[in-house]
**Q** 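Here it is: the structure, laid out below.
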Amino acid sequence: MLNSDQIVYLNGEFVALEDARISVLDRGFIYGDGVYEVIPIYARTPFRMPQHLARLQNSLDGIRLPNPHSEAQWDALVRELARKQPFDDQALYLQITRGVAKRDHAFPAGVPPTVFMMSNPLPLPSREQVDKGVAVVTAEDNRWHRCDLKTTSLLGNVLMRQLAVDAGAVECVMFRDGFLTEASASNVLLVKDGRVIAPPKDHLILPGITYDATLDVTRAAGVPLDVRKVTREEALAADEMWLSSSTKEVLAVTRVDGAPFGGGMPGPVFRRVWTAFQAAKPK
Ligand SMILES: Cc1ncc(COP(=O)(O)O)c(C=O)c1O
């Protein structure tokens, strides 16, 4: 259900969701010509905001769209929108599109970008999902080659996620040319013989802020870590597989393509890192 009273931000104003209106000619609507961020907020404190704003700048640079705000302005807007919500833990979404113009693929000149922000309750995994792990399906990664940019053109990811939903799973883990990339809305990490293995942050995956947070707590816990490419065979023979994202935090995978994975229960390294991750969150 949409909450039409929810306060959102659109182009300089805080308004009720039902009053937030954009043109059908917005390039976000017509082309998916925009970028976005999702910032988790715990107890009204944004988690790793500088890192989210740095990734936003990288996405804007990647699509050649000037940043409409300074870091200080973004920081103030994010905190103000969070303050206006009646709940403490939030998933704050912000997007910037190339604005409203006559339909033409080429960039329009002199058009202000559209800036939209909303914040919803943070949909963290259930206790059962944390304790028992979750199911994934696998597929060939057929998205474009700039998966490092967090663009609103998400049709590839949408179709992958639906494969998971159709199979009663929570995520679709993807492989490109025989190597693990990521999942439709999360990064994927593995454990083999007590070592955490993470695919490198190249142009084929989104550089997840939670991926970095998970690797930081892994290092701090003294767990050995390798950042390197992983083949499909190696990934499917790992002892543990984890998903990481702002709304999943870190979550164990215990079923892959309908069969139990890693003994069908979250592994010991996951439990250690999950506990350390919980301790590192703002209270
Ligand atoms: C494709 C993809 N990969 C990875 C992630 C995880 O990124 P983060 O940890 O910053 O939420 C996301 C987040 O939604 C995503 O959409």
Side-chain angles (χ1 to χ4, degrees), residues 32 34-42 46-60 62-63 74 78 89-95 117-120 122-125 134 136-165 169-176 179-190 196 198-218 227 230 235 241-253 273-274 277-278 280-282:
V35 299
Y36 75 107
E37 272 298 322
V38 176
I39 305 175
I41 296 182
Y42 295 101
F47 185 54
R48 297 199 164 206
M49 179 124 81
Q51 290 91 330
H52 280 280
L53 295 181
R55 184 172 66 182
L56 177 65
Q57 185 64 57
N58 190 58
S59 298
L60 287 165
I63 71 161
W74 279 121
V78 165
D89 293 346
Q90 305 177 23
L92 188 142
Y93 176 92
L94 66 89
Q95 86 164 48
M117 301 167 63
M118 64 181 162
S119 199
N120 291 308
L122 185 61
L124 290 179
V134 297
V136 302
V137 295
T138 63
E140 178 67 16
D141 194 341
N142 59 11
R143 299 170 304 157
W144 72 334
H145 282 228
R146 291 308 308 273
C147 297
D148 55 322
L149 304 178
K150 203 163 170 62
T151 74
T152 58
S153 322
L154 283 173
L155 190 52
N157 303 61
V158 165
L159 293 172
M160 291 295 169
R161 168 58 75 79
Q162 193 58 36
L163 289 180
V165 171
V170 308
E171 259 294 24
C172 178
V173 171
M174 296 177 280
F175 299 91
R176 194 192 285 266
F179 290 92
L180 172 67
T181 54
E182 60 179 346
S184 68
S186 5
N187 291 110
V188 179
L189 305 167
L190 302 165
V196 171
K201 292 191 291 180
D202 57 16
H203 61 291
L204 298 178
I205 71 170
L206 186 79
I209 307 301
T210 322
Y211 165 110
D212 282 339
T214 304
L215 295 196
D216 285 351
V217 296
T218 296
V227 176
V230 186
M241 184 185 289
W242 311 340
L243 303 171
S244 76
S245 83
S246 292
T247 53
K248 293 185 192 70
E249 300 183 334
V250 57
L251 200 54
V253 170
V273 166
W274 184 87
F277 190 101
Q278 296 308 309
K281 288 178 358 187

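The residues of the chain are indexed from 1 along the displayed sequence. Not measured: the values here are computed from a predicted model. In listed order, ligands and their atoms are each counted from 1.
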**Q** Show the atoms of ligand 1 that are less than 4.0 angstrom away from any heavy atom in R55.
**A** 7 (O), 8 (P), 10 (O)

**Q** Would you say T152's side chain and G32's backbone share a donor-acceptor pair under 3.5 angstrom?
**A** yes

**Q** List the closest protein heavy-atom neighbour of atom 16 (O) of ligand 1: residue, atom name, distance to the nearest 0.1 Å.
**A** A185 CA, 3.4 Å

**Q** I need the minimum non-hydrogen distance between A235 and M241, along with the two atoms involved.
**A** O-CE, 4.0 Å

**Q** Give a yes/no on ligand 1: does S184 have at least one heavy atom closer than 4.0 angstrom to it?
**A** yes

**Q** Please determine if H52 has a nitrogen or oxygen closer than 3.5 Å to a nitrogen or oxygen of ligand 1.
**A** no

**Q** Just to be sure I'm reading this right: ignoring hydrogens, which of L206, T181, V38 gets closest to atom 5 (C) of ligand 1? Compare them by their nearest heavy atoms.
**A** L206

**Q** Heavy atom under 4.0 Å from ligand 1: found in N157's side chain, backbone, both, or neither?
**A** side chain

**Q** State whether the shortest distance between N or O atoms of E182 and N or O atoms of ligand 1 falls below 3.5 angstrom.
**A** yes

**Q** May I ask you to check whether R143 has an N/O atom sitting below 3.5 Å from an N/O atom of ligand 1?
**A** no

**Q** Heavy-atom contact check, 4.0 Å cutoff: does N187 meet ligand 1?
**A** yes

**Q** Under a heavy-atom criterion of less than 4.0 Å, does P40 contact ligand 1?
**A** no

**Q** Which atoms from ligand 1 have a heavy atom of A183 less than 4.0 Å away?
**A** 1 (C)

**Q** Strictly distance-based, threshold 3.5 Å: is any side-chain N or O of R55 a donor or acceptor partner for the main-chain N or O of P207?
**A** yes

**Q** Which atoms form the tightest heavy-atom contact between L206 and D148, and what is the distance?
**A** CD1-O, 3.7 Å

**Q** Indicate whether the side chain of E171 and that of S184 have a donor and an acceptor atom separated by less than 3.5 Å.
**A** yes

**Q** Between K281 and D89, is there a side-chain N and carboxylate O pair less than 4.0 Å apart?
**A** no

**Q** Between the main-chain N or O of M174 and the side-chain N or O of T181, is there a donor-acceptor pair closer than 3.5 Å?
**A** yes

**Q** Looking only at N/O atoms, are I209 and ligand 1 under 3.5 Å apart anywhere?
**A** yes

**Q** For Y36 and Q95, work out which heavy atoms get closest and say how close.
**A** CB-CB, 3.8 Å

**Q** Ignoring hydrogens and angles, tell me if any N or O in the side chain of T210 forms a donor-acceptor pair with the backbone of S244 under 3.5 Å.
**A** no

**Q** Can you tell which part of C147 has a heavy atom less than 4.0 Å from ligand 1: side chain, backbone, both or neither?
**A** neither

**Q** Looking only at distances, please establish whether an N/O atom of ligand 1 is found under 3.5 Å from an N/O atom of T210.
**A** yes

**Q** Return the residue, atom name and 0.1 Å-rounded distance of the protein heavy atom closest to atom 7 (O) of ligand 1.
**A** G208 CA, 3.5 Å

